[in-house]
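To start, the structure itself, in structure tokens.
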Amino acid sequence: MQHYIVSTIKSNNLKNYFMRYFGNNIKTLVNNLVVSYTDQGPDDAPVLIFIHGFPLNKSMWNKQVEELKKNYRVIVYDIRGHGDSDAGTEDFSIRLFENDLIMLMDKLKINKASLCGLSMGGYIALNALVYNPERFDSLVLSDTSCLADTPEAKTKRLNAINTILEKGVNYYADESIKNLFAPESFITNENEIILVKEMISNTKEVSICCSLLALSARKETCHKLSGIEVPVLILVGEEDKITPPEVSQMMFENIKNSTLHIIQHAAHLSNMENPEEYNNQLQRFFNTVYKKTTKVLTGNDNSIMSQLSSKLNILLSF
Ligand code: MLT
């Protein structure tokens with residue numbers, strides 16, 4: 001359900017005041033595409049943008065939003081063709097998804113932010129940083145890789161497309177979750193498994209197939225890692241078989257200002273399987289990145305009434 005209130009804030013590094021909508025499932029037009037996003041947390045806090053994995057949606061970050069919105073302005077959005085965002089008419093590609101992200105930032109007048117991307121979200125985040133380094137303070141690469149698909153992986157993607165066309169998305173969802181979660185998560189994280197199955201089943205067949213083609217055509221970015229200047233946190237589930245810890249180790253060795261942390265009791269969806277450890281790592285990392293600017297708020301300071309009254313003050317000061 002769409003639920004938001006409006007505030008008037010001064011955009012960072014931009015002179016103009018503009019209206020900020022904050023709340024859940026806000027719809028905005030970006031490049032003629034309806035994009036759905038959630039925007040929580042204080043107006044003047046550093047901005048964190050989370051990018052979901054394939055073929056999921058922004059709700060995979062619910063536990064991170066709940067925690068981090070106390071100290072940061074947190075934005076999660078649905079990549080085109082996923083969740084509540086339109087698919088548009090262009091062929092999907094990681095560069096197109098990256099361009100959508102930059103245009104969303106422009107639309108929301110966000111000059112600079114930190115990015116956290118999981119798996120496909122990590123491919124997008126890495127491209128966004130490489131091609132727009134001036135727009136980002138830091139990066140979290142979670143359960144992801146800088147490598148391109150091998151010929152075998154490309155064949156697997158084509159087989160997956162055939163399976164979806166033959167047996168449907170629900171069957172594909174059932175098969176996918178077997179690889180996304182650690183065996184113990186099937187006992188300890190039943191709710192998350194149901195949620196992920198729903199996210200996949202609710203994604204349109206055509207969007208899943210187009211995303212599979214985009215994933216298989218993506219370019220490697222490993223040769224760009226040594227040029228990254230911002231702090232990078234690399235997180236990976238200890239049992240991740242899709243983007244295994246060895247790949248994270250390789251990225252860690254190639255990014256000069258990076259930290260690697262292996263998330264216990266987790267596989268590919270480490271943020272959902274072990275949110276406590278995952279959130280602790282994020283808090284610690286962003287605390288370091290924003291040590292001079294982070295404002296710690298109490299639950300009360302962050303309430304809708306308190307935010308409304310601070311908006312009113314800004315409006316009265318015009
Ligand atoms: C994802 O979680 O986004 C996908 O597993 C990425 C991939 O298949 O390469």
Side-chain angles (χ1 to χ4, degrees), residues 49-61 64 76-83 85 92-98 100-101 115-128 139-164 169 172-182 185 189 192-193 195-203 207-222 234-237 239-248 250-251 263 266-274 278:
I49 303 177
F50 288 78
I51 317 172
H52 63 80
F54 160 84
L56 309 181
N57 62 56
K58 60 181 172 330
S59 66
M60 68 165 277
W61 296 114
Q64 283 66 50
V76 293
Y77 72 100
D78 290 330
I79 296 168
R80 69 165 71 205
H82 297 75
S85 289
F92 285 5
S93 71
I94 298 300
R95 288 302 311 273
L96 177 70
F97 294 159
E98 174 242 316
D100 287 342
L101 163 67
L115 286 179
C116 174
L118 185 139
S119 200
M120 177 172 79
Y123 309 153
I124 299 167
L126 202 43
N127 273 273
L139 179 65
V140 180
L141 293 173
S142 174
D143 302 271
T144 193
S145 169
C146 57
L147 298 164
D149 267 8
T150 59
E152 294 73 34
K154 285 180 199 280
T155 307
K156 265 187 161 173
R157 305 244 194 233
L158 290 179
N159 291 340
I161 292 175
N162 285 331
T163 306
I164 292 164
V169 171
Y172 180 70
D174 282 337
E175 288 302 298
S176 298
I177 54 159
K178 293 179 193 159
N179 299 319
L180 293 171
F181 288 96
S185 291
N189 278 313
E192 269 59 34
I193 287 166
L195 287 174
V196 166
K197 230 161 128 173
E198 266 174 27
M199 285 186 229
I200 302 177
S201 302
N202 290 337
T203 310
S207 287
I208 298 188
C209 294
C210 291
S211 298
L212 282 163
L213 290 177
L215 290 167
S216 84
R218 76 185 190 280
K219 302 263 186 298
E220 72 87 35
T221 40
C222 302
I234 302 167
L235 297 175
V236 62
E239 294 177 66
D240 188 346
K241 292 194 176 59
I242 299 174
T243 47
E246 298 82 76
V247 178
S248 288
M250 180 271 280
M251 294 195 291
I263 306 283
H268 193 55
L269 297 182
S270 57
N271 72 309
M272 297 183 82
E273 296 179 88
N274 192 344
Y278 197 96

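Indexing begins at 1, ligand by ligand and atom by atom, following the structure's order. Just so it is clear, the structure is predicted and the values come from calculations on it, not from any experiment. The first residue in the sequence is number 1, and the count goes up from there. The basis for the numbers below is simple: all heavy atoms, side chains too, and nothing from hydrogens, waters or symmetry mates.
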If you measure every N/O of Arg218 against every N/O of ligand 1, is any gap under 3.5 Å?
no
Does any N or O atom in Phe54 lie less than 3.5 angstrom from one in ligand 1, N or O only?
yes
What's the shortest heavy-atom distance between [X] and [Y], and which atoms?
X	Y	answer
Asn189	Glu273	ND2-O, 3.1 Å
Thr243	Ser145	CG2-CB, 4.1 Å
Ala128	Leu115	CB-CD1, 3.9 Å
Ala160	Leu212	CB-CD1, 4.0 Å
Met251	Thr144	CE-O, 3.5 Å

Report the part of Arg157 (side chain from C-beta onward, or backbone N, CA, C, O) that has a heavy atom under 4.0 Å from ligand 1; answer both or neither where that applies.
side chain
Atom indices of ligand 1, in the order listed, that fall short of 4.0 Å to a heavy atom of [X]:
X	answer
Ser119	1 (C), 2 (O), 3 (O), 4 (C), 5 (O), 6 (C)
Ile242	5 (O)
Gly53	3 (O)
Met120	1 (C), 3 (O)

Quick test: of every protein heavy atom, which one is nearest to atom 9 (O) of ligand 1, and how far off is it to 0.1 Å?
Tyr123 OH, 2.6 Å
Matching residue for Ile242 among Leu180, Leu269, Val247, Asp143 - test: side-chain contact (heavy atoms from CB on, under 4.5 Å)
Leu180
